[in-house]
Amino acid sequence: MHLRCISCAATLDLHERALACRNCGDLLEVVIHDVAIDPADLKHLWLERRMSSSSRSSSGVWRFREFLPGDYSEQQVVTLGEGNVPLVRGHKTADWVGLKNLSFKHLGWNPTGSFKDLGMTVGMTEAKFVGANAVGCASTGNTSASMAAYAARARIQAKVYLPAGKLSHNKLAQALDFGAEIIPVEGSFDLALDTMLHSGDDVYFLNSINPFRLEGQKTAMFELLEQLKWQVPDYVVVPGGNLGNSSSFGKAFDELIAAGLIEKTPRLVVVQAAGANPFSKLYQTGAKELTPTEHPETVATAIRIGHPRSWKKALKAVQHSNGFVMDVTDEEIADAKAMIGRDGIGCEPASAATLAGLRKLTKEGQIDRDANVVAMLTGHALKDTDFIISSQHRQENAALAEVHP
Ligand code: F0G
């Protein structure tokens, strides 16, 4: 296995600690060698591992390790037992959007309450493997919470660059709880990321431009398909911020097809917030280059990002899967969030962008009522309790909007 530039295909050793191509500066990806195991045997092996008493094998990320980089030993893996999260059917939410088959895969039910843990277990394992003394990230809150926790497990110092006053208290509290050093940056996530990348600090960077992160995150699709008994859904819907997650799902689909584990891909739908929608604009206009949003603004602070770094990877994922990209307003996000709450599931605002997007698509007749749809919920409801309290009236509206049988 090795690293490869997504533009000029230049290669690097797997453990080079590089975030960008030395030739052209574009992003890197991990190239997984062909997995020469019979698909039926793999499916069986992965299910069996789930019952294992080994921390590596029972992890919902590492049980898929035939498709992960590194070949790390049981002792080298830094894990908190991430993954293995349920797929929950939406009832009231399905009626509300007018779909017959809607399920939520709740990645917010991970150790630190977000999907970031899936990537962080791989990123932190690699950081430890290459001997990093400190790790760093910029974050809208969830990456920092996750990185801080996994760094604590790995006994590595954590430095987090955060947009001052722009992330939820609950997420900040997590980073503090896990002992991270907090560096507030006056400005957006984008500025925090630039500040960190140019800080000259000797830290191992753990934002999703780090290709190891995406390797862990892609396993969400392996697990989803396993839960669906390898029956491919029609659509997978995901919120888009820095676009690491959507990129990782696209990579998963390509690898699953190449290995003969599935025969077609679901259509990937990426939903952005209207005030932070550079990727949606790129897709709608067919532009060749992304134009960053100067002052991104949305109540869904997790995806308040104006300059998504992984847009090229995400665009490839959308195109390969015949998917599309859209955006929804803060009002639509808030209503959808309250409705997910009525189903007893709950999530943070950014996650609800998925349901808001689906409502728009069904209203416009763009998705068939009979389609099999999986919406990815990326963060736990308790990630942003201020939002819930300040928008309590939405719950009352949601109760009124419930479709009664
Ligand atoms: N949903 C939640 C809850 C998030 O925290 C994020 C990103 C996203 C969706 C978007 O994912 O960036 O891969 O497109 N949060 C990052 C952070 C940026 O710092 O926690 P993406």
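Hydrogens, waters and symmetry mates are skipped; everything else that's a heavy atom, side chains included, is used. One-based numbering, in listed order, for ligands and for the atoms of each.
- Applying the 4.0 Å criterion to heavy atoms of Ile303 picks out, from ligand 1, the atoms 8 (C), 9 (C), 10 (C).
- Counting heavy atoms under 4.0 Å from ligand 1, residue Lys116 touches it through the side chain alone.
- For the residue pair Tyr150 and Glu82, a side-chain donor N or O sits within less than 3.5 Å of a side-chain acceptor on the partner.
- Using a 4.0 Å cutoff on heavy atoms, Gly240 counts as a contact of ligand 1.
- Listed by number with element, the atoms of ligand 1 under 4.0 angstrom from any heavy atom of Gly244 are 13 (O), 14 (O), 21 (P).
- Between Asn210 and Tyr204, the side chains place a donor N or O and an acceptor N or O closer than 3.5 Å (distance only, hydrogens not considered).
- For an aromatic pair to be called close, the ring centres must be under 6.0 Å apart, and Phe253 with His320 fails this.
- The contact set between ligand 1 and Asn242, taken as ligand atoms under 4.0 Å from a residue heavy atom, comprises 12 (O), 14 (O), 21 (P).
- A salt bridge is defined here as a Lys NZ or Arg NE, NH1 or NH2 lying under 4.0 Å from an Asp or Glu carboxylate O, and Arg359 with Glu364 fails to meet this definition.
- Distances between N or O atoms of Ser351 and those of ligand 1 include no value under 3.5 Å.
- Looking only at protein heavy atoms, the nearest one to atom 11 (O) of ligand 1 is Phe115 CZ, 3.4 Å.
- Distances shorter than 4.0 angstrom occur between a heavy atom of Ile305 and an atom of ligand 1.
- When each of Thr378, Asn142, Asn170 is tested with Lys383 by the rule side chain to side chain donor-acceptor pair (under 3.5 Å), just one qualifies, namely Asn142.
- One side chain, Asn84 or Arg63, offers a donor N or O that lies under 3.5 Å from an acceptor on the other.
- Between Leu377 and the options Val85, Val238, Ile345, a side-chain contact (heavy atoms from CB on, under 4.5 Å) holds for only Ile345.
- Applying the 4.0 Å criterion to heavy atoms of Asn142 picks out, from ligand 1, the atoms 2 (C), 3 (C), 4 (C), 5 (O), 20 (O).
- Annotation for ligand 1: atoms under 4.0 Å from non-hydrogen atoms of Asn245 are 13 (O).
- Within ligand 1, counting atoms from 1 as listed, the ones closer than 4.0 Å to a heavy atom of Thr143 are 16 (C), 17 (C), 19 (O), 20 (O).
- Inclusion of Gly379 in the set of residues having an N or O under 3.5 Å from an N or O of ligand 1 is not warranted.
- Residue Thr140 has at least one nitrogen or oxygen atom sitting less than 3.5 Å from a nitrogen or oxygen atom of ligand 1, judged on distance alone.
- At a threshold of 4.5 Å between non-hydrogen side-chain atoms, the residues Leu214 and Glu29 do not count as touching.
- At under 3.5 Å, not a single nitrogen or oxygen of Ser208, backbone or side chain, sits near a nitrogen or oxygen of ligand 1.
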For Tyr283 and Phe324, run ring-ring contact (aromatic ring centres under 6.0 Å, His included): C-alpha distance rounded to whole Å, both residues' side-chain angles, the deciding distance at 0.1 Å, then the answer. CA-CA 8 Å; Tyr283 180 81; Phe324 48 96; 7.2 Å; no
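- Ring-plane geometry between Tyr72 and Trp62 is classed as perpendicular, the angle between the planes exceeding 60 degrees on a 0 to 90 degree scale with a lower cut at 30.
- The ligand atoms of ligand 1 that sit less than 4.0 angstrom from a heavy atom of Ser139 are 17 (C), 19 (O), 20 (O).
- Where the criterion is an N or O separation shorter than 3.5 Å, residue side chain and backbone included, Phe189 fails it with respect to ligand 1.
- Note: an N/O pair closer than 3.5 Å links Thr378 and ligand 1 by distance alone.
- Taking any N or O of Glu348, backbone or side chain, none lies under 3.5 Å from an N or O belonging to ligand 1.
- Proximity of Gln217 to ligand 1, defined as any heavy-atom pair under 4.0 Å, is not found for any part of the residue.
- Here the side chain of Gln272 pairs a donor or acceptor atom with the backbone of Phe279 at under 3.5 angstrom.
- For the 3.5 Å distance criterion, the side chains of Gln76 and Thr125 fail to qualify, holding no donor opposite an acceptor.
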